[in-house]
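Each chain gets a letter, A, B and so on, in the order the sequences are listed, and its residues count up from 1.
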Amino acid sequence: MTTSWADSVDNSAKASVRPTRSAYVPPHLRNQKLSSEPPAVAASYSSSAAASDHVSYGGPAAGSHGGISSKPDFGRQGYGSNAQIGGGSGGGGWNARGIARDRGRREVNPFEKDEPVDQSLDEQENTGINFDAYDDIPVETSGDNVPPPVNTFAEIDLGEALNQNLQRCKYVKPTPVQRYAIPISLAGRDLVACAQTGSGKTAAFCFPIISGIMREQYAQRPRVARTAFPMALILAPTRELSCQIHDEAKKFSYQTGVKVVVAYGGAPINQQLRELERGVDILVATPGRLVDLLERARVSLQMIRYLALDEADRMLDMGFEPQIRKIVEQMDMPPPGMRQTLLFSATFPKEIQGLASDFLSNYVFLAVGRVGSSTDLIVQRVEYVLESDKRSHLMDLLHAQRENGVHGKQSLTLVFVETKKGADALEHCLCVNGFPATSIHGDRSQQERELALRSFKSGNTPILVATDVAARGLDIPRVAHVVNFDLPNDIDDYVHRIGRTGRAGKMGLATAFFNESNLSMAKPLSDLMQEANQEVPAWLTRYAARSSYGGGNRNRRSGGARFGGRDFRKEGSFNKGGDYYGGTGGYGVPGNYGGGYGQGVTSAWD
DNA sequence: AAAAAAG
């Protein structure tokens, strides 16, 4: 295994002596005899000097809190066998006493893996937070009697145990989506929340759920041997995301007695079954494995009080909808009104909102405009690259990053491709050419997927080639660059993909390769970039103009998505022309906003 | 058309 970028490039230089594959040749050495080591000429990006004004793309931690790169990882490296199944107090569902009881298993401290944070640094960082900018964030709510937002966690008063966990998580002040969503949820209302990636959504739905379960601590649950009766169900579209939510929820529920269990496919089911038998209050799951568990009658949904769908628009799109309907409507889950339903996503097309309304009862719609966390911290670039030139162009970019020193151990590049096959091919190509890459996609085993993610996060392989499996929700610190090697066909997917960078208050760069096969994306992409105050190349504007008359109004954003979204109940249902969208809005939130986050505090944003 | 999610 290569251990660092430099090592691997060295190796490639040596390897290139062998008459094997065509090794990558940096631009300045092409058509020359390959010498041992490329001279230290800093290759620079080919275009858009303006971009470098925004993103000082010349060093690690390009964001304004420069040198402080260590951020508590919250122990998420434990995707493997230990974390999600491990620990927690026993007791449980078929114990007539409601909440999980401690059966003598010591609850693992989910915070102990966190990197120790230098207190003085922490303090200094926290005072730099520009909380005033919160007030400028556009928020729209609609529905009957919407509970008012709060400004502090203290106003919510979640109780001693949860307050302590807030502190352990270093959450000082609620993020906008939390300010609104938590009171709404605590009031028992159903909720559709549209808030951009990295805006603190997980905590926004977890805290009310945990708090509610604690209040119903003594609710009677049926005794059925080997059947678990969770009170809350959280569904997510990918296994890795369900792990991540589980890890977060473990922290939020530490020492509350509320037991969180995760279940997903690709991993041995027996361990998950054992964990369920020990009792579960909150079940985090992917749909396929949950259906399996329901059919085996190892899980019953009849005690469900809370249902949360993360990435809800994805959960209700064509691929997932039947499974979700089966779980929500055709098993033993209480109907809307008898349970509380919370839907969260960064994007929410109105057609999908229509489907979602089947699951909801008198819900509140919440849209939070861009919150300074994500898209205004992302510099977006589009480059015209022929299909046949993509690989060499990508390697030029990667090489330039290395020359510029960006690829320190902590600076990561995430490359999205369209197909699983394409991911394998590109990974292989990069490795052969000496770039330390790995890949993640649905044809790899779960073990391989988790290994790839760990290796990427740790910086061992600072390049990750991925399909859309990695597009949504994953919080990977230090991703400095997202490359859309193949553009997606849906602008929402693009939004989710680029949201993997620009996190934790750091700047991020997103580069897209565009060519004739992406014509349908010209208009939506150029509109999106324009709304985000990005520099749109003239050639892209021309493509956009050309594509707009031709037919398909593919640009669902054109209508009125300047905001964080709009409640589809306010418009004629199912008409085209508006999308619900919590990503880039055309808002002038000052660009300096992201600069002052504290490292611990920013982690509240997912 | 592809990806994800059960085995």
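- Distance from the side chain of Asn489(A) is smallest to dA1(B) among dA3(B), dA5(B), dA1(B).
- Atom C1' of nucleotide dA4(B) and atom CD1 of Ile440(A) are separated by 12 Å, given to the nearest angstrom.
- In this structure, the CZ atom of Phe320(A) is 18 Å from the P atom of dA2(B), given to the nearest Å.
- Checking side-chain atoms of Asp281(A) against main-chain N and O of Met231(A) turns up no donor-acceptor pair under 3.5 Å.
- What separates CD1 of Ile324(A) from C1' of dA4(B) is a distance of 11 Å, to the nearest Å.
- Among the protein residues, Arg449(A) comes within range of the sugar-phosphate backbone only, with heavy atoms under 4.0 Å from sugar or phosphate atoms but none that close to a base.
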Test log, rule side chain to side chain donor-acceptor pair (under 3.5 Å), inputs Asp424(A) and His441(A) | CA-CA 9 Å; Asp424(A) 283 336; His441(A) 61 70; 2.9 Å; yes

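- Put simply, Lys421(A) has no side-chain N or O that comes within less than 4.0 Å of OP1 or OP2 on dA2(B).
- Distance, Arg497(A) CZ to dA2(B) C1': 10 Å, rounded to whole Å.
- Distance Arg472(A) CZ to dA3(B) C1': 11 Å, rounded to the nearest Å.
- Here the side chain of Arg500(A) pairs a donor or acceptor atom with the backbone of Leu474(A) at under 3.5 angstrom.
- In this structure, Asn270(A) atom CG and dG7(B) atom P are separated by 12 Å, rounded to whole Å.
- Judged as a side chain to side chain contact (heavy atoms under 4.5 Å, CB included), and not counting sequence neighbours, the contacts of Arg542(A) are Ala538(A), Trp539(A), Arg546(A).
- Close to dA5(B), at under 4.0 Å from its OP1 or OP2, lies no side-chain N or O of Thr238(A).
- Distance CD1/Ile352(A) to CZ/Arg314(A): 9.0 Å, rounded to 0.5 Å.
- Contacts of Arg239(A) with the nucleic acid, taken as non-hydrogen atoms under 4.0 Å apart, involve only primed sugar atoms and P, OP1 or OP2.
- Using a 4.0 Å heavy-atom distance criterion, Gly442(A) is classed as a sugar-phosphate-only contact.
- Atom P of nucleotide dA4(B) and atom CG of Leu316(A) are separated by 19 Å, given to the nearest angstrom.
- Computed from coordinates, the Leu487(A) CG to dA2(B) C1' distance equals 15 Å when rounded to whole Å.
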